[in-house]
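Below: one structure, written as structure tokens.
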Amino acid sequence: MNQLWEDLRWRGLIYQVTEEDALVQLLEQPQSVYVGFDPTADSLHVGSLLGLMMLRRFQAAGHRPIVVLGGATGMIGDPSGKSEERNLLDPEVLEKNTAAMQEQMRRFLDFSSSPRGALLVNNYDWMKDFSFLSFLRDVGKHFPVNVMLAKDSVRSRLEKTDSGISYTEFSYMLLQAYDFVYLYDHYGCRIQLGGSDQWGNITAGIDLARRMRHVTLYGATWPLLVKADGGKMGKTESGTIWLSPHKTSPYLFYQYWYNVSDEDVGKCLRYLTELPREEIEALDEARREAPHLRDSQRRLAEWLTQLVHGPEGLAEAQRASRLLFGEEIAGVPEATVLEVFAHVPGSRIPRSRLGSLTLVEALVASGLANSRGEARRAIEQGGAYINNRRVTDIEKVIGPEDLLGSRCLVLRRGKKNYALVEFVNQETEDASCRDAPLPTAQS
RNA sequence: GGGGGGUUUCCCGAGUGGUCAAAGGGGCCAGACUGUAAAUCUGGUGGCUCAGCCUUCGAAGGUUCGAAUCCUUCACCCCCCA
């Protein structure tokens, strides 16, 4: 059997597949393979990892990956897996998102001009000039409505009596189906991959190609990556885990994977890394023997952080993690602390406030608490720390003796929420957030 | 075009004139326990100058000593009929 396919099978990445034997046969020769991505945000996030890794595996095996950004389909909204009608996106926003996502993909795929170099296309380019009438004649003609109604993605929406589905979203399937035909015409692409929620769209494309071009195309899906507790991978209380270091620091990214549960980590190692089978099985074994060592989680976090943020990003994340968990902060050189907390949310407060600033105010200013009431509660419950030492005095006023070095201190709320507070000289500078979204901020 | 149902605090969802900052569940936060896990237990979960005050129940008006609860208009959502 084909080596790539065998590996995918072992990893559990093949959920559904059309005509498996023929598809595997096809893979003996270099092929073009496509996966669609939604340009709904200005960064890729953990949810896109599986698709990117999938293309990466195919590229490593000598095939050409085609990334299809759904510029057009993104304007419509995919009903699959959505419980509600989706908001439409502006063309300008889409363009911006597309550019940002492509940049990030370079980490995963080789976009060189070699025969197996990855391609990035945007379905907006071939959809924008398609007239409504010709689309109905050429594409819509091939879609029996009764078949569409039977698709899970549509049916579930129709059964939910309080939501319904608009004609626009109903038509989404046609657009995506046409993508496949277009890619076959222009790039000879005969294979589409996607998450299991895309199965209906993929098969719709295969059907359409058979009717319009009389060819057989192939599709396969990977299982959706969900946590054992049913939650979505890549989401935390504080929001989505992004791949952009500006939206999710390498430290938080690393920590996310480090905290994956035992139940899920084996699956993550298989789905998301290229670690060889022997190593993954050895980790499974180690995890059974000594779960508290968290070898699997560490390996997972290391591998992914290195891929997404590079060796420097990984080193930074590890350094921060060591300091934040376990090590006493007092006594660590100020420069080290500043460096480590550089990517942790922080705030600057005028130096003159030393001696009058209360802990409650500091917690609010640093974003660790959303209101004074919340800050007060955290202190009352023993969840507030200065430089990793618990403070239970509600009236606590921060003074010079609390500073680590000459100008900063580390606030902490609960087990894992840290913020750096810096006392600066400019009187005019307001207490402001220096970095992107705060871990505790609800937006 | 006609008829019906709905819009409550992060979510679901009670609440039909005062005892409502609003039951219950979920989520989330904190603590204990731990392995930076899970489960479990405990407490918390609108804001503040915090034994008091202020702002919330789709929006705007109105009735009333007093409204999430009653009336009017508007907006949006869902269903049925044409």
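Throughout, a chain's letter reflects where its sequence line sits, starting with A, and its residues are numbered from 1.
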Options B/A32, B/C29, B/G35, nucleotide nearest the side-chain atoms of A/R390: B/A32
Touch class at under 4.0 angstrom, heavy-atom based, for A/Q297 against every strand present: base
Between B/G44 (P) and A/R413 (CZ): distance, integer Å: 15 Å
Nucleotide B/U34, atom P - distance to CG of A/D262 in whole Å: 17 Å
Spacing of the P atoms in B/U40 and B/G5 (rounded, Å): 42 Å
Between B/A59 and B/U7 - C1' atom distance, rounded Å: 11 Å
Pairwise 5' ranking along RNA chain B for A/A384 and A/N259, keeping only the more 5' one: A/A384
Euclidean distance, atom CG of residue A/D295 to atom P of B/G35 [Å, nearest integer]: 15 Å
Selection: residues 298-313 of chain A, any non-hydrogen atom under 4.0 Å of RNA chain B: none
A/T221 and A/Q198: side chain donor to acceptor below 3.5 Å: no
C1' atoms of B/C29 and B/C76, separation to the nearest Å: 33 Å
Separation between the P atoms of B/C78 and B/C10, rounded to whole Å: 23 Å
Out of B/G44, B/C29, B/A37, whichever nucleotide has its closest atom nearest the side chain of A/R377: B/G44
A/R372 side-chain N/O to B/G46 phosphate OP1/OP2 under 4.0 Å: no
Nucleotide opposite B/C20 in a Watson-Crick or G-U pair, distances under 3.5 Å: none
Exercise: do A/S321 and A/Q255 side chains pair donor with acceptor under 3.5 Å: yes
Under-4.0 Å side-chain N/O to phosphate OP1/OP2 contact, A/N370 with B/C10: no
Spacing between A/Q381 atom CD and B/U45 atom C1', to the nearest angstrom: 9 Å
Salt-bridge present (A/R11, A/E6; N to O < 4.0 Å): no
For atom CZ of A/R288 and atom C1' of B/A38, their distance in whole Å: 18 Å
Strand partner of B/G66, provided both Watson-Crick or wobble distances fall under 3.5 Å: none
Partner nucleotide, any strand, of B/U40 [Watson-Crick/G-U, under 3.5 Å]: B/A32
First encountered from the 5' end of RNA chain B, between A/G383 and A/K415: A/G383
A/Y258, nearest nucleotide to its side chain (from B/C48, B/U36, B/A32): B/U36
B/G1 - base-pair partner by Watson-Crick or wobble geometry, distances under 3.5 Å: B/C81
G-U wobble or Watson-Crick pairing nucleotide for B/A14 (cut-off 3.5 Å, both distances): none
Between B/C28 (P) and A/L368 (CG): distance, integer Å: 19 Å
Sugar-phosphate only, base, or nothing, as touched by A/R294 at under 4.0 Å among non-hydrogen atoms: base
Under-4.0 Å salt bridge between A/D295 and A/R299: no
Pair listing, salt bridge (Lys or Arg N to Asp or Glu O under 4.0 Å) test, anchored in residues 100-109 of chain A, at least two apart: A/E103-A/R106
Carboxylate-amine/guanidinium proximity below 4.0 Å for A/K267 and A/D264: no
Distance in angstrom units between A/D264 CG and B/A38 P, rounded: 10 Å
Criterion side-chain hydrogen bond (donor to acceptor under 3.5 Å, both in side chains) against A/Y258, the qualifying member of A/E302, A/R298, A/Q297, A/Q318: A/R298
Heavy-atom pair with the smallest gap, counting every atom of A/G70 and A/N123: C-OD1, 3.4 Å
Phosphate-side-chain proximity, A/S261 and B/A38, N/O vs OP1/OP2 below 4.0 Å: no
Spacing of the C1' atoms in B/G6 and B/A68 (rounded, Å): 15 Å
B/A14 and B/C70, which share atom name P, separated by this distance in whole Å: 16 Å
Nearest-angstrom distance, P atom, B/C20 to B/G31: 32 Å
side-chain N/O A/Y385 vs B/A30 OP1/OP2, d < 4.0 Å: no
P spacing across the pair B/C53 / B/A22, given as an integer number of angstrom: 14 Å
Step-by-step side-chain contact (heavy atoms from CB on, under 4.5 Å) determination, A/L69 to A/V121: CA-CA 6 Å; A/L69 289 176; A/V121 295; over 6 Å; no
A/S371 side-chain N/O to B/C48 phosphate OP1/OP2 under 4.0 Å: yes
Whole-Å distance separating the CG atom of A/L293 from the C1' atom of B/U36: 13 Å
Donor-acceptor pair between A/N388 and A/R412 side chains, under 3.5 angstrom: yes
